[in-house]
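Take a look at the structure below.
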Amino acid sequence: MICFEDELNPQQLKVVTDGDGACLVLAGAGSGKTRTITYRVAYLLQNGTPQENLLLLTFTNRASKEMMERIKELMGMPLDGLTGGTFHSVAVRQLRRYASLIGYGNDFTILDADDSEGMMSLAMRDEGIDLKSKQYPKPKQMLFLISFMRNAQMTVDDVIEYKYPGYERIRDIIERCFVAYTQKKKEANVMDFDDLLEQFLLLLSTNEQVRDELSDRFKYILVDEYQDTNKIQSQIVNQLSHIHGNVLVVGDDAQSIYSFRAADINNILDFEKNYKKAKVFRLELNYRSVPEILSLANDVIRHNKKQYKKELKPTNDAFQKPQLVTLSNQFEEADYIGASVAHLIRTGVKPEEIAVLFRATFHSQPIEVELMKRGIPYDYRGGLRFFDRSHVKDMLCFMRIALNIHDIIAWQRVLKLQAGIGDKTSGKIIMALKELNTLGEVVTFDLAEHLSVRAKAGWERLTEMLTGMINSSGKVGDMIDAVVRFGYKDYLEEQYGNASDRLQDIEQLRAFGTKVNSLEKFLTDTSLSDEYSKGNKEQTDKVVLSTIHQSKGLEWDSVFVMRLVNGGLPNDRALTEKGGIEEERRLFYVAITRARKHLMLTYPIVGGFDGMTMYEPSMFLSDIDPELFESPGEFQSEEAIFVDADDGEVQYVTDGGGWSGTSFLSDVNDL
DNA sequence: CTGTCAGGTGTTTTT
DNA sequence: CACCTGACAG
Ligand SMILES: Nc1ncnc2c1ncn2[C@@H]1O[C@H](COP(=O)(O)OP(=O)(O)OP(=O)(O)O)[C@@H](O)[C@H]1O
């Protein structure tokens, strides 16, 4: 039996025991929103709600997994009936069941970002658009616009007016590309990420029976990180709660950092409008961070105009002020952080309780080198997923073809692996195979008349692999094995020096495949899972390197936030977006509030790919009361002494009001 | 039509 | 410094 009174404060407890109907929990970082939602689930289960009736929506699969673990621990029982995951993964499960109702086969395959771009290229080419012309958006850009539009449930005109006024003149072209792209996906029986949401919503809104069935099943819907949901997601929640209206969402407007994905803060602001009789709860105590860190966080976020005012009130005892360190360049910055991490570990902080956070994935490169040099293991989050590695993806494309023979993007990839087959020939072959419905027909199909000598040889090598795959047992592991044996291994060895590394990755993929009981599930999991790099390697004993975006909802004892320069955070490109400054500031706020005890902010004075670009300290730093940082004398490192005093005075005048004379930098000069 | 090589270009965030 | 693009030889 869980004693809820002991585990929660009165406000939290109220949400847990009184969370029926529509409820919005609006609260700052570290106030226990996730904890509250977790205990709410436990409370419902303890009071006899069957697991099947709960739906727990989270932002990432990782978050879902963590929450499930926690609930399992609390309840002391397996959670085999509880549905949890991202909107995308929940959607895809239902879409497999009901595919035929929306005109898809249930053997549809899923396009990732690259695949979608490939599909968009094909669509644009079909529309007669010259992909090289500077006059038109590149496929990537086009896709981005269209994706935003769909997630925000807008029309082409809406999105142009709201985000791309410059595209007014090519409005019709965008529309045409959108239609062509949609059509091509349908023909190929593939869905992109946005389709998973869109088609799910379509399913719910056009099939009352399905909607009622699912709404009746998911009697309690809980959503974490609601500030980062977009319009289509809120509509899905709305449909699913149609019968009962039991929707509990938690969020923090100050932590909304996914507007590029059309995250819409209006979901929170309009919650009371959308759900009559909605209850609003607030949590005001912060359990995570020491007061010094909270003061800093409050001081940062108060500069945002568009926000619900809320102060974070500490529950922890005073400890230590955050530190701000200036380094001469990006390598010194990495070196300094590396040394500090090593120091923390020596003094007994567990590696997994230390995180280095940054705005963009490439910021982490010098840190990686540094940690490697010092023999400190790290877990890198962000960047290339394991399943996106080119050789792993090659293999997945073979599997996709086995499931969905019309997946032309997968075909294009496996065809182009062969020497002698490029853009044109692969297109030709795909056209020729269009009408065929089984792989058996494909491998015996006579293509000779279409192909050059070289291409013909390539095609023969490919059919050998495909034949091997068909003749295997049909189990995922065996199919992968067959593709490797019947030619892919040779291809790798011919093409790459590190073929054996790559084969090891494929072996991991195969191992993963043998654990999954169907090809559909294998492909769905590999498309949507956020399982990074080395498969299931232990995550303990490792320092975490992560983008700030990926750090959302997590916490560590010690946190480093690096590259705090204009152009780093805030990011230059982000500043050109509407509301960009405030969003970047929220990003900074999220980063700061991940820390429990130690927080260190760093920035280099020069950097860039040429190592010659002069940086200004982040405009967000100049907003901060210098008193909130530990005074430099107490922590300044050897490295930091290299800071050139003159640079300090001349450089740090920014148009945003300038660097105040009493800032910490003057203190550096005093040293 | 494919594949390679030299020269120019320019770094966001994720399901 | 790495990645992409465009020019050209096979
Ligand atoms: N009532 C409580 N008693 C003890 N610890 C608590 C309490 N409430 C929350 N905590 C702890 O505070 C920390 C932050 O909680 P949690 O992650 O749930 O906050 P959050 O509001 O979801 O934060 P964020 O918005 O940053 O994701 C966790 O370690 C949690 O266990």
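Since the model is a prediction, treat every value here as computed from it, not as a measurement. Below, chains carry the letters A, B, ... as their sequence lines are ordered, and counting in each starts from 1.
The side chain of A:Gln550 contributes an N or O atom lying less than 4.0 Å from OP1 or OP2 of B:dT14. The shortest distance between the side-chain N/O atoms of A:Arg261 and the OP1/OP2 oxygens of B:dT14 is not below 4.0 Å. Close to B:dT2, at under 4.0 Å from its OP1 or OP2, lies no side-chain N or O of A:Ser452. Taking 4.0 angstrom as the limit, A:Arg454 places a side-chain polar atom (N or O) nearer than this to OP1 or OP2 of B:dG3.
Residue A:Ala419 is classed as a sugar-phosphate contact, given heavy-atom separations below 4.0 Å to backbone atoms only. Residue A:Gly608 is out of contact with every strand shown, counting any heavy-atom pair closer than 4.0 Å. Looking at heavy-atom distances under 4.0 Å, A:Asp112 makes no contact with the nucleic acid at all.
There is a side-chain donor-acceptor pair under 3.5 Å between A:Asn566 and A:Glu616. For the residue pair A:Asn404 and A:Thr109, a side-chain donor N or O sits within less than 3.5 Å of a side-chain acceptor on the partner. Side-chain contact annotation: A:Tyr181 with A:Asp192, donor-acceptor N/O pair under 3.5 Å present. A side-chain donor from one of A:Thr524 and A:Arg96 sits under 3.5 Å from a side-chain acceptor of the other.
If you look at A:Phe387 and A:Phe512, their ring centroids are closer than 6.0 Å. Taking the centre of each ring, A:Tyr378 and A:Tyr380 stay at or above the 6.0 Å mark. The aromatic ring centroids of A:Tyr491 and A:Tyr488 lie less than 6.0 Å from each other. A:Phe358 has its ring centre no less than 6.0 Å from the ring centre of A:Phe560.
Rounded to an integer number of Å, the gap from A:Arg150 CZ to B:dT15 C1' is 13 Å. What separates NZ of A:Lys416 from C1' of B:dG3 is a distance of 12 Å, to the nearest Å. Going from atom CG of A:Leu197 over to atom C1' of B:dT14 covers 12 Å, rounded to whole Å. As a whole-Å value, the separation of A:Leu143 CG from B:dT12 P is 17 Å. For the pair A:Lys578 NZ and B:dT13 C1', the computed distance is 20 Å after rounding to whole Å. In this structure, NZ of A:Lys140 is placed 12 Å from P of B:dT14, rounded to the nearest angstrom. Atom P of nucleotide B:dT14 and atom CG of A:Asp388 are separated by 12 Å, given to the nearest angstrom. Rounded to an integer number of Å, the gap from CZ of A:Phe387 to C1' of B:dT14 is 16 Å.
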Distances under 3.5 Å between nitrogen or oxygen atoms of protein and nucleotides 4-10 of chain C:
none

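Between A:Glu577 and A:Thr425, the one whose closest nucleotide on DNA chain B sits nearer the 5' end is A:Thr425. Along DNA chain B, the nucleotide closest to A:Asp423 and the one closest to A:Ser527 are compared, and the more 5′ of them pairs with A:Asp423.
Contacts between residues 356-370 of chain A and DNA chain B, defined by a heavy-atom separation under 4.0 Å, are made by A:Arg359, A:Ala360, A:Thr361, A:Phe362. Sorted by residue number, the members of residues 84-96 of chain A with any non-hydrogen atom under 4.0 Å from DNA chain B read A:Thr86, A:His88.
A:Arg585 has a carboxylate O that lies under 4.0 Å from a charged side-chain N of A:Asp623, or vice versa, which qualifies the two as a salt bridge. A salt bridge is absent between A:Glu555 and A:Arg594; no separation between the charged side-chain nitrogens and carboxylate oxygens falls under 4.0 Å. Note on A:Asp264 versus A:Lys231: no salt bridge recorded, every NZ/NE/NH1/NH2 to OD/OE distance being 4.0 Å or above.
Within 6.0 Å of atom NZ in A:Lys163, more than 12 heavy atoms from other residues, nucleotides or ligands are found, so the atom counts as buried in its surroundings.
Checking B:dT12, B:dT2, B:dT13 against every side-chain atom of A:Lys424, the shortest atom distance belongs to B:dT2. Minimum atom distance to the side chain of A:Thr547 is reached by B:dT14, of the listed B:dT2, B:dT12, B:dT14.
With A:Thr229 as the fixed residue, the side chain to side chain donor-acceptor pair (under 3.5 Å) test singles out one of A:Asn267, A:Asp224, A:Asn151: A:Asn267.
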